[in-house]
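Read through the structure below, which is laid out as structure tokens, and then see the notes.
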Number of protein chains: 2
Amino acid sequence: MSGTVERRRPPTAQQFVLEELRRAITTGELRPGDPIRQDALAARLDVSRVPLREALKTLEAEGLVVHHVHRGYFFAELSLADLEEIYRIRQLLETEAVRAALARMPDGLTGTLERIQEEVERAADAGDVTAMAEANRRFHFTLIEASGMPRLVRLIATLWDATDAYRALYYAEDPHRERAVHEHRAVVSAVGEADGTAAVRWLDEHREHAVAALREVLGRTD
Amino acid sequence: MSGTVERRRPPTAQQFVLEELRRAITTGELRPGDPIRQDALAARLDVSRVPLREALKTLEAEGLVVHHVHRGYFFAELSLADLEEIYRIRQLLETEAVRAALARMPDGLTGTLERIQEEVERAADAGDVTAMAEANRRFHFTLIEASGMPRLVRLIATLWDATDAYRALYYAEDPHRERAVHEHRAVVSAVGEADGTAAVRWLDEHREHAVAALREVLGRTD
DNA sequence: CCATTCAATACTGGATCCAATATCCGATCT
DNA sequence: AGATCGGATATTGGATCCAGTATTGAATGG
């Protein structure tokens, strides 16, 4: 089977590998702590080890894998403490981003957010976790990018990537999606009124709920 | 010539290349915006292109170089706006780190800082810019690492790396070193009294002076 | 029976070689 | 003359192959 329904492959092998690895991580195909056998993985993805290793270097910088010289790469194990730390850092950075965004208030921001929010709600109603996660990310980053601080945006994106594996888990449950939808609406209306404090408060709550859920899940499995 | 006075090479070629590139960036040997010719550079460093490319991937993640598919790597050009953004983010993250450090207050922190501060002052007096930059970094990271937040430490380290090229410039001038020494002393004494607010205030000032200097330098050259 | 040593093995790190893409420059056409 | 097309060249992306290190397990000695 070639060239039928399958998604178009990225232009370079590294990018393809990178996407595949991220996907594998988010779907939980590969468990944290597992060593990465480059030969086997490269063969499975039908590429050589060179682009694989370059992709792993990227993931290493993002903290998704760790590397030991002459021993190889391992999927990073995120402890509850790690996750809490990441969410705390996100809080600091996203607060700054949102404040900056509302101070600049680019044209059409509210409208764009409302439009994306509709997509979020459609996905939430349909119970489509993947679409929900994707639209949710677009929602948040539309707001964050409005800050006009590209490095800040990149940092925040990295932090999101690091916790992707756990986010899908969160949105898998109905009440979580429901709650997220409500919090988003509150954010949209705060943005509409250019009320930075309110927006930040709602986003804090949004995040805190996610952390609470993680605490629950990881608390009982670890 | 082998194994005489030359610094011991790191265990892997990538690490060697990484150090060399960082050094070249900090010393200004390679100017921002310049394309990186892999073949030439690899030959100059006497390694193959593979470890070079992996090192570049690391630098890319840190924002020191940018990469365009099939066109190669380029040394990143940091505008004044970029630098200001980085320093703003550092302020947010370092404030958190210092607050956490003082809340935990690990044993011997003050003593260690005092010891390192002595090294900083020796280097400052001697006018040894490299030693000064190195000791200065140790000083700040000793404090930051006391936060017990490893991810936060990593992020801050990345931000420092991104501006290394400009930091050496700052410490090249006598009055700057002098001022840094005084600010450090104030930080040490604030830490000794477990006064987080004071420590944060002094660090903010420390950073602000650096930014002001950059603004001056870049303002007149750009 | 357990610890230690040493060799076989498996895997990573690196070098070389090949393929694919972008860039540059001259020829051609309007 | 200027713009456009096409081919030569330079440079990156990727595959294969080799070298060096860590790991594993069996043999040996206490």
Side-chain angles (χ1 to χ4, degrees), chain A residues 2-3 6-25 30-77, chain B residues 2-3 6-25 30-77:
Chain A
S2 72
E6 92 187 275
R7 264 205 323 272
R8 66 140 182 63
R9 267 176 72 143
T12 67
Q14 326 179 16
Q15 291 175 23
F16 168 69
V17 171
L18 202 60
E19 288 185 15
E20 280 302 303
L21 289 179
R22 284 195 206 283
R23 198 191 47 70
I25 291 172
L30 352 119
R31 284 175 315 185
D34 282 356
I36 298 175
R37 295 293 147 223
Q38 300 178 8
D39 236 328
L41 186 53
R44 215 168 68 78
L45 296 174
D46 199 38
V47 296
S48 82
R49 281 175 48 218
V50 174
L52 169 60
R53 273 163 57 180
E54 291 190 297
L56 287 171
K57 266 276 167 282
T58 301
L59 294 178
E60 186 196 7
E62 295 177 4
L64 284 170
V65 304
V66 294
H67 180 219
H68 302 281
V69 172
H70 285 298
R71 293 188 49 226
Y73 293 88
F74 300 77
F75 287 103
E77 204 143 6
Chain B
S2 70
E6 90 188 275
R7 263 207 321 271
R8 67 137 182 65
R9 269 176 69 144
T12 67
Q14 324 179 19
Q15 292 175 22
F16 168 69
V17 171
L18 239 159
E19 289 185 14
E20 280 303 303
L21 289 179
R22 284 195 206 283
R23 197 191 48 71
I25 291 172
L30 352 118
R31 284 175 315 186
D34 283 356
I36 298 174
R37 295 294 147 222
Q38 299 178 9
D39 234 329
L41 186 53
R44 215 169 68 77
L45 296 175
D46 199 37
V47 297
S48 83
R49 280 176 48 218
V50 174
L52 169 60
R53 274 163 57 181
E54 292 190 301
L56 288 171
K57 266 276 167 285
T58 301
L59 294 178
E60 185 196 9
E62 294 177 5
L64 284 170
V65 303
V66 295
H67 181 227
H68 302 283
V69 171
H70 286 298
R71 293 188 48 226
Y73 292 88
F74 299 78
F75 287 103
E77 206 143 5

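Letters A, B, ... are given to chains in the order of the sequence lines, protein chains preceding strands, and every chain is numbered from 1.
Under the ring-ring contact (aromatic ring centres under 6.0 Å, His included) criterion, no residue pair touches residues 32-57 of chain A, with sequence neighbours excluded. Counting only residues at least two apart or in different chains, salt bridge (charged side-chain N to carboxylate O under 4.0 Å, His left out) contacts with residues 63-77 of chain B are absent.
With sequence neighbours excluded, the residues that form a side-chain hydrogen bond (donor to acceptor under 3.5 Å, both in side chains) with A:E54 are A:Q14, B:R53. For the side-chain hydrogen bond (donor to acceptor under 3.5 Å, both in side chains) test, residues two or more places apart in sequence or in another chain that qualify with B:E60 are B:K57. Under the rule for a side chain to side chain contact (heavy atoms under 4.5 Å, CB included), the partners of B:A13 that lie at least two apart in sequence or sit in another chain are B:V47, B:P51. With sequence neighbours excluded, the residues that form a ring-ring contact (aromatic ring centres under 6.0 Å, His included) with B:Y73 are B:H67.
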statement: Encoded 5' to 3' (Watson-Crick or G-U under 3.5 Å; [ ] crossing; | other strand), DNA chain C becomes ||||||||||||||||||||||||||||||
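With a cutoff of under 4.0 Å to any heavy atom of chain B, the contacted region of DNA chain C is bounded 5' to 3' by C:dG13 to C:dT23.
Here the side chains of A:L64 and A:T58 are not in contact, with every heavy-atom distance at 4.5 Å or above.
Rounding to the nearest 0.5 angstrom, the gap separating the CZ atom in B:F74 from the CG atom in B:L30 is 14.0 Å. Taken to the nearest 0.5 Å, the CD1 atom of A:I25 stands 6.0 Å off from the CG atom of A:L21.
Residues from residues 30-50 of chain B lying near DNA chain D, meaning a heavy-atom separation below 4.0 Å, are B:I36, B:R37, B:Q38, B:R49 in numerical order. DNA chain C lies under 4.0 Å from at least one heavy atom of each of the following residues of residues 51-72 of chain B: B:P51, B:H70, B:R71.
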- prompt: Can you list the steps and then say if A:E19 with A:R22 is a salt bridge (charged side-chain N to carboxylate O under 4.0 Å, His left out)?
  reply: CA-CA 5 Å; A:E19 288 185 15; A:R22 284 195 206 283; over 6 Å; no
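We find that CZ of A:F16 is positioned 18 Å from P of D:dG13, with the value rounded to whole Å.
Across A:A55 and A:L18, no two heavy atoms sit closer than the pair O-CD1, 3.5 Å.
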Expected list for residues 32-46 of chain A: side-chain donor-acceptor pairs under 3.5 angstrom, two or more places apart:
residue	atom	partner	partner atom	Å
A:D34	OD2	A:R31	N	3.4
A:Q38	OE1	A:R49	NE	3.0
A:Q38	OE1	A:R49	NH2	3.1

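Within the 4.0 Å cut-off from OP1 or OP2 of D:dG14, at least one side-chain nitrogen or oxygen of A:Q14 is found.
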